[in-house]
Protein chains: 2
Amino acid sequence: MKKTSTKILIVDDDPDIREILTYNLSNEGYNVKSAVNGVEALKKAKKFIPDIILLDVMMPEMDGIEACSQLREIESLSKSMVIFLSARGEDFTQIAAFDAGADDYINKPVKPKILLKKISSISRRILSENNVTSNIIIGSLVIDRDSYSVTHEKDEITLPRKEFELLHMLASKPGKVLTRDEIMFKVWGTQVVVGDRTIDVHIRKLREKIGEKYIKTIKGVGYKFKA
Amino acid sequence: MKKTSTKILIVDDDPDIREILTYNLSNEGYNVKSAVNGVEALKKAKKFIPDIILLDVMMPEMDGIEACSQLREIESLSKSMVIFLSARGEDFTQIAAFDAGADDYINKPVKPKILLKKISSISRRILSENNVTSNIIIGSLVIDRDSYSVTHEKDEITLPRKEFELLHMLASKPGKVLTRDEIMFKVWGTQVVVGDRTIDVHIRKLREKIGEKYIKTIKGVGYKFKA
DNA sequence: ACAGCTACTTAACAATAACTTAATATTAGA
DNA sequence: TCTAATATTAAGTTATTGTTAAGTAGCTGT
């Protein structure tokens with residue numbers, strides 16, 4: 001397997017989850033440590049300097065949000081990625097998490113496959129360094145994940161979630177044609193099934209907002225973003 | 001029209017479910033077989049080599065998890081997708097399922113719409129995985145599958161699907177003469193039958209777009225690509 | 001709890017690019 | 001030269017996407 005030296009710190013009060021995650025990630029060659037609560041997490045993180053911190057939202061004493069805020073204060077951890085493990089895809093939780101400085105989140109139950117995928121993509125990103133944020137700038141378009149907004153010729157438009165994810169996905173691989181299947185998988189996931197025209201409608205709304213020139217249709221294949 | 005020959009093995013102890021699934025999937029043109037338990041599933045899978053295995057989690061004797069693990073041990077089934085049918089979205093079940101090597105899961109009661117959508121997207125993925133030949137650079141031509149485009153003397157032309165596939169096929173074996181039969185088979189497949197002049201028309205459009213010099217006609221034999 | 005709002009999805013229909021065919025012209029090779 | 005094969009053109013067809021409007025669900029603030 002891939003011998004990445006990416007360091008991961010798991011923080012969760014549930015021993016079972018710690019074990020499952022540790023098992024799966026160690027198996028993939030990651031350097032894994034764990035902590036049972038926020039206080040211990042802070043202590044271990046200072047020494048271990050993990051690249052990635054998996055943080056449970058619900059924990060006794062100090063919850064994940066609070067722990068994340070404090071982790072963010074630590075100078076040496078400024079480059080670490082914090083990923084939340086949230087019990088549900090509650091909007092509140094997600095927003096609060098991002099507010100506290102989280103870089104990503106995963107909904108429980110954690111599926112090892114998804115987790116590994118995420119971890120590996122993040123660790124690849126870390127290795128390739130200079131990725132400051134997940135923001136994208138193309139021509140006169142600025143796509144900003146932090147605020148879920150797009151700045152297009154000086155005016156900022158806040159996009160709904162689905163529209164943003166769709167645009168972000170297209171723009172993150174400019175020039176590449178993304179098939180409807182790929183889009184479905186990335187934006188909607190495998191458990192949701194929506195009709196054929198749903199993507200078109202979102203595309204239309206995006207075009208309405210940012211202009212026609214960016215998103216090109218490749219009939220029978222998919223869509224692609226061009227600068 | 002779309003006559004996919006994707007093979008599906010249904011494994012469930014409930015005859016009603018077997019019948020419903022078999023009916024729905026057969027109707028869509030899939031090649032369907034079924035088994036009533038894990039033991040039979042293993043036996044049939046070895047001979048049938050299904051592309052997709054729909055596996056009930058709860059079964060007498062050998063449950064789905066165990067069956068999946070054993071299926072995963074079989075060399076010839078390494079490319080098969082295993083989809084679990086789970087009675088509930090229980091955490092334990094999901095984690096165990098993914099651990100056992102499942103690729104996806106569907107919650108019961110199975111809605112035909114969701115099932116068919118999932119199956120068709122998976123079977124499309126399976127089909128498209130087979131022809132992942134990378135990009136081609138010949139002389140001043142760059143043929144890029146990601147963007148479905150050809151860059152010819154500094155300007156990028158996005159090609160329609162058939163034209164792209166045709167060009168890609170010719171260019172992937174430069175110098176070799178490809179017969180009309182070979183082209184038909186590769187670009188159109190065995191299920192579709194089109195007239196004789198169709199290929200000519202696509203060839204003409206390609207020549208129009210990338211210039212005359214690349215594609216040469218060998219009368220009575222076929223076409224060849226030259227650098 | 002409620003109205004009002006936004007995001008999202010769906011369905012029906014329109015539009016269109018991609019593709020195919022048909023009719024006719026041209027060409028290469030025996 | 002003669003003929004079968006291919007080229008060309010324009011006119012169908014069809015599959016795929018675009019568009020619109022309306023429905024649904026979930027959230028927000030009162």
Side-chain angles (χ1 to χ4, degrees), chain A residues 88-96 148-150 157-168 170 177-181 183-184 187-189 191-224, chain B residues 1-4 111 113-114 117 120-121 124 148-150 157-168 170 177-181 183-184 187-189 191-224:
Chain A
R88 294 204 188 166
E90 295 169 312
D91 280 0
F92 168 78
T93 301
Q94 286 174 21
I95 290 169
Y148 268 61
S149 72
V150 179
I157 311 159
T158 301
L159 295 176
R161 194 172 302 257
K162 286 278 191 310
E163 279 172 43
F164 182 87
E165 296 298 348
L166 180 50
L167 177 62
H168 188 272
L170 286 165
V177 179
L178 297 176
T179 66
R180 279 157 180 277
D181 284 345
I183 293 170
M184 280 303 299
V187 178
W188 278 265
Q191 294 306 307
V192 187
V193 174
V194 293
D196 261 359
R197 299 272 64 71
T198 303
I199 290 175
D200 305 36
V201 174
H202 285 295
I203 290 282
R204 188 188 154 276
K205 287 192 177 150
L206 276 174
R207 282 175 173 156
E208 209 166 61
K209 287 171 185 169
I210 65 171
E212 303 284 318
K213 62 182 172 180
Y214 292 107
I215 301 171
K216 170 151 199 206
T217 304
I218 314 294
K219 214 164 177 172
V221 187
Y223 295 94
K224 84 175 173 188
Chain B
M1 194 68 250
K2 280 187 299 184
K3 200 68 178 178
T4 57
K111 295 177 192 120
K113 209 177 174 188
I114 291 178
K117 197 113 199 205
S120 89
S121 94
R124 246 174 299 152
Y148 263 78
S149 72
V150 179
I157 310 159
T158 300
L159 297 176
R161 194 171 49 180
K162 286 277 192 316
E163 280 170 44
F164 182 88
E165 297 298 348
L166 178 50
L167 175 62
H168 189 274
L170 286 166
V177 180
L178 296 174
T179 68
R180 279 157 181 279
D181 283 347
I183 293 171
M184 279 305 299
V187 178
W188 278 265
Q191 312 295 331
V192 188
V193 178
V194 292
D196 256 4
R197 299 274 63 72
T198 303
I199 291 174
D200 306 26
V201 174
H202 285 295
I203 291 281
R204 189 192 151 272
K205 286 190 178 153
L206 275 175
R207 283 173 172 158
E208 207 167 62
K209 286 172 184 169
I210 66 172
E212 304 284 321
K213 63 181 173 181
Y214 293 107
I215 301 170
K216 170 146 206 219
T217 304
I218 313 295
K219 202 164 179 172
V221 187
Y223 296 94
K224 85 172 177 191

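In what follows, every chain begins at residue 1, and chains take the letters A, B, ... in the order their sequences are listed.
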When you look at Leu159(A) and Leu206(A), which way does the side-chain contact (heavy atoms from CB on, under 4.5 Å) test go after all the steps? CA-CA 9 Å; Leu159(A) 295 176; Leu206(A) 276 174; 3.9 Å; yes
Under 4.0 Å between a side-chain N/O of Thr217(A) and OP1 or OP2 of dA17(C), yes or no? no
Round to a whole Å and report the spacing from CG of Leu206(A) to P of dA7(C). 12 Å
Taking NZ in Lys216(B) as the centre, count heavy atoms belonging to other residues, nucleotides or ligands within less than 6.0 Å. Is the count above 12? no
Between CG of Leu166(B) and P of dT6(D) the distance, given in whole Å, is 14 Å
Lys219(B) side chain: which of dA18(C), dG18(D), dA28(C) is closest? dA28(C)
Work out which heavy atom in Asp200(B) is nearest to a heavy atom in Asp196(B); give both atom names and the distance. OD1-O, 3.4 Å
Between Leu166(B) and Ile199(B), which heavy-atom pair has the shortest distance, and what is it? CD2-O, 4.5 Å
Do Glu165(B) and Tyr148(B) have side chains that approach each other closer than 4.5 Å (heavy atoms only, starting at C-beta)? yes
Lys162(A) atom NZ is separated from dC27(D) atom P, nearest whole Å, by 12 Å
Length of the OH-C1' vector between Tyr148(A) and dT6(C), whole Å: 16 Å
With side chains defined as the heavy atoms from C-beta onward, is the minimum distance between Ser149(B) and Lys224(A) less than 4.5 Å? yes
Sorted by number, residues from residues 196-205 of chain A placing a heavy atom under 4.0 Å from DNA chain C are Arg197(A), Thr198(A), Val201(A), His202(A), Lys205(A)
Euclidean distance, atom CD of residue Glu212(A) to atom P of dA15(C) [Å, nearest integer]: 16 Å
Specify the separation, in whole Å, of atom CD1 of Ile218(B) and atom C1' of dT27(C). 14 Å
Taking only side-chain nitrogens and oxygens of Tyr223(B), does any of them come within less than 4.0 Å of OP1 or OP2 of dA7(D)? yes
Does a nitrogen or oxygen in the side chain of Trp188(A) sit under 4.0 Å from OP1 or OP2 of dT9(C)? yes
When you check the phosphate oxygens OP1 and OP2 of dA17(C), does a side-chain N or O of Arg161(B) lie under 4.0 Å from one of them? no
When rounded to whole Å, the CD1 to P distance for the pair Ile215(B) and dT6(D) reads 15 Å
Side-chain contact, heavy-atom cut-off 4.5 Å: Thr198(A) with Lys162(A)? no
Rounding to 10 degrees, work out the angle separating the end axes of the helix from dA1(C)-dT30(D) to dA30(C)-dT1(D) (five pairs an end). 40°
Could you tell me how far apart Asp181(A) (CG) and dT17(D) (C1') are, to the nearest whole angstrom? 16 Å
Can you check whether Trp188(B) reaches Ile183(B) side chain to side chain, under 4.5 Å on heavy atoms? yes
Applying side-chain contact (heavy atoms from CB on, under 4.5 Å), can you list everything that pairs with Arg207(B), at least two apart in sequence or on another chain? Ile203(B), Glu212(B), Ile215(B), Thr217(B), Tyr223(B)
